[in-house]
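Structure first, then comments.
Reckoned from all heavy atoms, side chains included, excluding hydrogens, waters and symmetry mates. A quick note: this is a predicted structure, and the numbers were derived from the prediction, not measured.
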Amino acid sequence: MLKQHLQFKLSQKLSPQQIQLMKLIQLPTQAFEQRLKQELEENPALESGKEENDALDDMYEDTYDESDDNESIDTEEINIDDYLSDDEIPDYRTQANNYSADDEDKRVPYAAGTSFTQYLLNQLNTVYLDDQEWAIAEFLVGSVDESGYIRRPLPDIMDDLAFTQNIYVEEDKIKQVLKIVQDLDPPGVAARSLDECLIIQLKRKEPKPSVELAINILERSFEYFTKKHYSKLIQKHHVSEEELKEAISEIEKLNPKPGGSYSGNTRMIEHIVPDFSIKIVDGELELSLNGRNAPELHVSKEYSNMLEGYKNAKEKSKSQKDTVMFIKQKLDAAKWFIDAIRQRQQTLYITMSTIMEYQKEYFMTGDERKLRPMILKDIADKIDMDVSTVSRVANSKYVDTPYGTKLIKDFFSEAMKNEQGEDVSTREIKKILETVIRDEEKKKPLTDAKLAKILKEKGYPIARRTVAKYREQLDIPVARLRKEI
């Protein structure tokens with residue numbers, strides 16, 4: 001039996017301009033500067049800096065009929081005057097000055113130098129290797145990941161050497177060359193496991209009893225060590241508690257990710273540039289937007305003059321008509337971009353200003369326990385904007401405060417009730433949890449159940465599984481792994 005029915009679906013589609021504006025809002029300061037540079041390079045009608053004849057304050061009203069194929073066209077077909085304005089300053093530059101003067105250095109820093117792989121290969125050049133050994137060593141270096149490990153089994157590497165390099169060798173030969181690669185810097189590089197990485201580093205240290213014991217523990221009792229079964233380690237290795245403590249101290253000084261210590265790797269170095277700044281001036285909060293988000297832009301005077309020339313021309317040919325349409329497109333793009341930047345500045349400022357007022361107690365004191373429960377909708381409702389817009393501002397922007405540079409999204413947290421029925425921030429509970437764990441007796445760390453009991457005594461009745469979730473979010477290991485001698 002066939003059934004027929006009508007289904008009505010209401011959908012809202014964003015225009016390409018709205019999508020581009022959302023992308024602009026999402027960009028932090030450094031990425032915004034790159035986007036600005038790209039736009040200036042791609043649109044010759046857009047220029048940076050001050051200009052006496054800043055054009056394009058109004059959009060053209062008359063549209064061009066593309067079906068008109070006449071060799072000459074009337075001036076009225078394109079309202080040239082809409083592109084030629086006498087205003088010297090665009091509207092968005094006359095708004096209240098909410099921009100801080102921290103735009104002295106507009107360069108975006110990137111990582112410089114050679115790649116991690118090249119750094120290792122450069123060291124290999126100082127080692128005597130025959131052609132076959134060099135090819136194997138080069139292949140092994142190419143298999144080192146960004147943490148400094150070789151994760152692939154040697155039999156797989158042996159097969160790859162045969163199929164891709166026509167090098168047929170036994171696994172023992174690869175192990176021999178691997179030892180050479182593992183002698184490179186940084187110490188521990190090219191290890192195939194964490195214990196091997198740590199042992200390589202220990203063997204480069206000056207020999208002494210604590211180092212020898214540390215190597216022995218990692219070679220013979222790595223599982224006991226990772227699970228912090230200290231009593232079993234003391235019994236198995238016939239050592240005192242103090243000797244074990246010294247050995248573990250040697251291990252804790254080692255680098256579990258030797259690749260991460262190389263500053264010249266190919267990944268970009270993260271330089272955080274605050275998008276906002278909050279200061280306390282005369283007992284009041286003062287917010288400013290990074291000045292690098294408020295560039296001075298104007299329409300190219302040359303392009304304006306070209307339109308002026310077209311307007312005054314007595315005869316207008318087809319080629320002139322095509323040229324002016326190209327100019328129109330570029331001017332439209334410039335007009336839109338300038339307007340979009342103004343909207344971006346206003347959106348960023350009003351959003352951060354509302355967050356600042358909402359969390360005023362925190363910004364005045366720096367006490368994270370003063371952070372109010374706050375979700376995206378709280379701010380979106382206050383500024384009459386979409387939740388997604390607030391999310392774009394919060395997720396990628398930083399604010400410089402008297403207490404350090406903070407990621408804005410960290411000020412958002414859900415609420416739960418305390419014993420008095422008051423809303424408290426989950427961030428506040430996490431801070432208390434962090435403090436309790438920090439002050440615990442390390443020989444007998446608190447289990448999640450005990451932590452839940454302590455929080456309940458402090459007026460925060462939460463379940464053990466919730467404590468476990470918050471602990472994991474804080475990157476704090478379970479009680480057993482927090483145990484110390």
Side-chain angles (χ1 to χ4, degrees), residues 109-207 211-227 247-248 250-270 481:
Y110 283 89
T114 56
S115 69
F116 186 32
T117 301
Q118 189 59 51
Y119 174 67
L120 296 175
L121 290 175
N122 290 344
Q123 294 179 67
L124 274 180
N125 287 323
T126 65
V127 181
Y128 176 76
L129 299 169
D130 60 33
D131 290 346
Q132 186 186 69
E133 289 172 336
W134 172 262
I136 296 170
E138 186 177 29
F139 193 87
L140 288 170
V141 165
S143 301
V144 174
D145 66 18
E146 62 181 20
S147 295
Y149 287 82
I150 292 178
R151 307 284 186 183
R152 305 184 62 230
L154 290 188
D156 289 356
I157 291 176
M158 183 176 68
D159 291 341
D160 283 350
L161 282 168
F163 288 119
T164 64
Q165 308 292 322
N166 286 325
I167 297 173
Y168 298 91
V169 291
E170 296 297 325
E171 190 175 324
D172 287 343
K173 181 63 176 179
I174 298 175
K175 286 182 180 178
Q176 178 188 333
V177 178
L178 178 61
K179 293 293 183 186
I180 297 171
V181 175
Q182 289 176 342
D183 282 336
L184 304 177
D185 287 326
V189 73
R192 291 164 291 171
S193 61
L194 175 59
D195 53 334
E196 185 178 42
C197 175
L198 299 176
I199 289 167
I200 290 170
Q201 294 178 59
L202 285 169
K203 286 183 176 178
R204 290 210 197 178
K205 284 178 170 282
E206 182 182 345
V211 172
E212 295 299 328
L213 177 57
I215 293 172
N216 201 6
I217 287 171
L218 294 178
E219 287 180 338
R220 296 175 53 210
S221 313
F222 185 65
E223 188 175 353
Y224 284 168
F225 168 73
T226 57
K227 292 183 177 179
I248 290 174
E250 293 288 352
I251 297 172
E252 288 175 343
K253 295 174 187 175
L254 305 176
N255 184 1
K257 292 184 178 181
S261 65
Y262 178 65
S263 62
N265 59 24
T266 54
R267 291 173 292 170
M268 189 175 79
I269 298 174
E270 185 180 8
L481 297 181

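Between the side chains of N122 and Q118, at least one donor N or O sits under 3.5 Å from an acceptor N or O.
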**side chain to side chain contact (heavy atoms under 4.5 Å, CB included) assessment of I157 paired with L178** = CA-CA 11 Å; I157 291 176; L178 178 61; over 6 Å; no
**Request:** Tell me, with the steps shown, if M158 and L154 meet side chain to side chain contact (heavy atoms under 4.5 Å, CB included).
**Result:** CA-CA 6 Å; M158 183 176 68; L154 290 188; over 6 Å; no
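Of the possible polar contacts, none joining the R204 side chain to the G188 backbone as a donor-acceptor pair under 3.5 Å is found. Side chain of Q123 to backbone of D185: a donor-acceptor contact under 3.5 angstrom is found. Of the possible polar contacts, one joining the Q201 side chain to the N255 backbone as a donor-acceptor pair under 3.5 Å is found.
Considering L254, I215, I217 as possible partners of L198, the one that fulfils the side chain to side chain contact (heavy atoms under 4.5 Å, CB included) test is L254. Checked options V177, L120, L121; the residue passing with E138 is L121 (criterion: side chain to side chain contact (heavy atoms under 4.5 Å, CB included)).
A salt bridge between K257 and E146 is absent, with no side-chain N of the basic residue lying under 4.0 Å from a carboxylate O of the acidic one. Electrostatic pairing of D159 and R152 does not count as a salt bridge here, judged by no charged N lying under 4.0 Å from a carboxylate O.
Inter-residue side-chain proximity for F116 and V189 is flagged as met; some heavy-atom pair is nearer than 4.5 Å.
Heavy-atom minimum distance, Q182 versus A191: NE2-CA, 3.8 Å.
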